[in-house]
There are 2 protein chains.
Amino acid sequence: MTIPKQTNRRKELVTIAAGLFKQESFDRTTVRMLATATGIKSGSLFHHFKDKEEILVAVIEGGLETSIEVINKQTKNIKLADQRLFAAIYGHLMTLHGENKDAHIVSIIEWKSLSTLSKSHLIQLRDEYEGIWQGIIEQALDAKLLEGEAHLLRLFVLGSLNWTIQWFKPEQGLDTEQLAHNFYHSLTHQFITK
Amino acid sequence: MTIPKQTNRRKELVTIAAGLFKQESFDRTTVRMLATATGIKSGSLFHHFKDKEEILVAVIEGGLETSIEVINKQTKNIKLADQRLFAAIYGHLMTLHGENKDAHIVSIIEWKSLSTLSKSHLIQLRDEYEGIWQGIIEQALDAKLLEGEAHLLRLFVLGSLNWTIQWFKPEQGLDTEQLAHNFYHSLTHQFITK
DNA sequence: TTACAAACCAAGCAAGCGCTAGGTAATAAA
DNA sequence: TTTATTACCTAGCGCTTGCTTGGTTTGTAA
C-alpha cells in the first residue's frame, strides 16, 4: 500500500530522485538507478510510491512549493518597485543555482513528462508562482523600470532566467548575485539603488 | 549498409522524425512510431540510419543549418544596428514558430540527448550561429540600444526567445511578427524605426 | 513479550525497446 | 535482358523497462 504522504523516508527518496532526474532526465532515470542511489532494492520503491510518475510529481511539487516560499520571503518586506524586482530575480536565480536547486530545475524541464492529470493538479502551484511575478512586473512597469506589456514581459523575463539552467555554472567566475545584477541592468537599463 | 547521406528518401524521414521528436521527445519516440509515421516497417529504418541517434543528429544538423541560413539572409543587406537586431529577433522567432519549425526546436530541446561524440561535431554549427548573434548584439551595444555585457546579453536574449517554444502559439491572437516587436520593445526600451 | 504496522527483500513477469539477419521487390543503367 | 543498386519486408533476438507478489526484517508501543 502507498503511504499517505510526507514520511521522512519519503522525503529522502524525493530529494535523491530530484538529483537523478536533473542529472539524467526523468526518462533516462530507471527505477533501478533510483533504488541503488537510495540504497534499497528497486521493488521497494513501490512501497513508497504507486508508480514512477508519482515520484516525479512529488519532486515537482516540492520544487514549486519552495520557489513560492522563497519569492514570498524575498519580496515580503520590500516596498520599492526596483528593489522588489531585483529581489524576485535574485530569488528565482537562487532557487535555480543555490542549494536544493534540483527540485526547481526538474519542475521546469520535466513539466512535459507529467500526465495530464498530474499537470492539472500542479498547475495551481505554478499559477500561484507566476501570479506573484505578474504583480512584481506590473509594479515595475508603473515605476517605468520596464517597457512593454506585463504578461509578455513576465514570460520574457522568466524565460531568460529559466534558460540560465542551460549554461550558468556559479563556480565559473560569476556568482549568482552578480548574475542577478547583470540581468537587472540589461533588463531595466538601470543599476539597482541600494 | 548505411547510405552516405542526403538521398531524398532520407530527407523525408528526417522531416517526419523532427515532427515526432518535437511532439513526443526523442526518448518517448520509438523506432516503431517512426516507422509507422513514415509508412515503412521498423527494421527498414536501419537501412537509412545506423542507429536511432543518427536520426536525431540528422534532425538537429538540419535545424541548425536552416537557422544559420535564415539569420544570414535576414541580416544580409541591413546595416543599421536597430534594424539588424530586429531582423535577427524576427528571424529566430520565425525558425521557431514558422514553417519547418520542428527541426530547430528539436535542436534546442534535445541537445542533451546527443552523445558526446555527436555534440562535438554539431557544436561547430551552434558556435557559428551564436557567433552571428554575438556580432549583432555588440553592434547594438555600440549603438546604445542595449545595456550590459555582450556575452551575457546574448545568453539572456536567446534564452528568452528560445523559451517562447514553451508558451507561444501563433494561432492565438498574437502573430510572430508582433511578438518580435513586443520583444524588441521590452529589450531596448525603444520602438523600431522603419 | 507480544503485537502490529512500516520498511524492505527476493524473484521474476509481461511488455516494450533498439536493432539484426536474411530474403524480396522495385528501379534503372548496361 | 541481364546486372547491380537501392529500398524495403519478415521474423525475431536479446535486453531493459516498470512493476507485482509473497514473504521477511525492523522499529515501536502496550
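Chain letters run A, B, ... following the sequence lines, proteins first, then strands; residues in each count from 1.
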Here the distance between atom C1' of C/dA5 and atom NE2 of A/His48, to the nearest Å, is 13 Å
Can you check nucleotides 10-18 of chain C for protein contacts, nitrogen or oxygen pairs under 3.5 Å, and list what you find?
residue	atom	partner	partner atom	Å
C/dG18	OP1	B/Lys52	NZ	3.0
C/dG18	OP2	B/Val31	N	2.9
C/dG18	N7	B/Arg32	NH2	2.7
C/dG18	O6	B/Arg32	NH2	3.1

Can you tell me the distance, in whole Å, between the CZ atom of B/Arg9 and the C1' atom of D/dC9?
14 Å
Could you name each residue pair satisfying side-chain hydrogen bond (donor to acceptor under 3.5 Å, both in side chains) that touches residues 144-159 of chain B, not counting sequence neighbours?
A/His185-B/Glu147, B/Glu130-B/Arg154, B/Gln134-B/Arg154
Rounded to whole Å, CD of A/Glu54 lies from C1' of D/dC19 at a distance of 13 Å
What is the distance from NZ of A/Lys50 to P of D/dC19, rounded to the nearest Å?
9 Å
Within this structure, what is the CD-to-C1' distance between B/Glu12 and D/dA7, rounded to whole angstrom?
12 Å
Tell me, please, whether A/Phe26 has A/Lys52 positioned over its six-membered ring: NZ or CZ under 6.0 Å from the ring centre and within 45 degrees of its axis?
yes
Length of the CG-P vector between A/Leu13 and C/dA6, whole Å
16 Å
Taking A/Phe191 as the starting point, is it possible to reach B/Leu145 by hopping between hydrophobic residues whose side chains are less than 4.5 Å apart?
no
Given C/dA7, is OP1 or OP2 found less than 4.0 Å from the side-chain N or O atoms of A/His47?
yes
Nearest 0.5 Å, what's the NZ-CD1 distance between B/Lys50 and B/Ile55?
11.0 Å
Separation of atom CZ in A/Phe49 from atom P in C/dA7, rounded to whole Å:
11 Å
Rounded distance [0.5 Å steps], CZ in B/Arg9 versus OG1 in B/Thr38
6.0 Å
Can you list the steps and then say if B/Arg10 with B/Glu54 is a salt bridge (charged side-chain N to carboxylate O under 4.0 Å, His left out)?
CA-CA 11 Å; B/Arg10 197 181 144 110; B/Glu54 196 177 284; 3.4 Å; yes
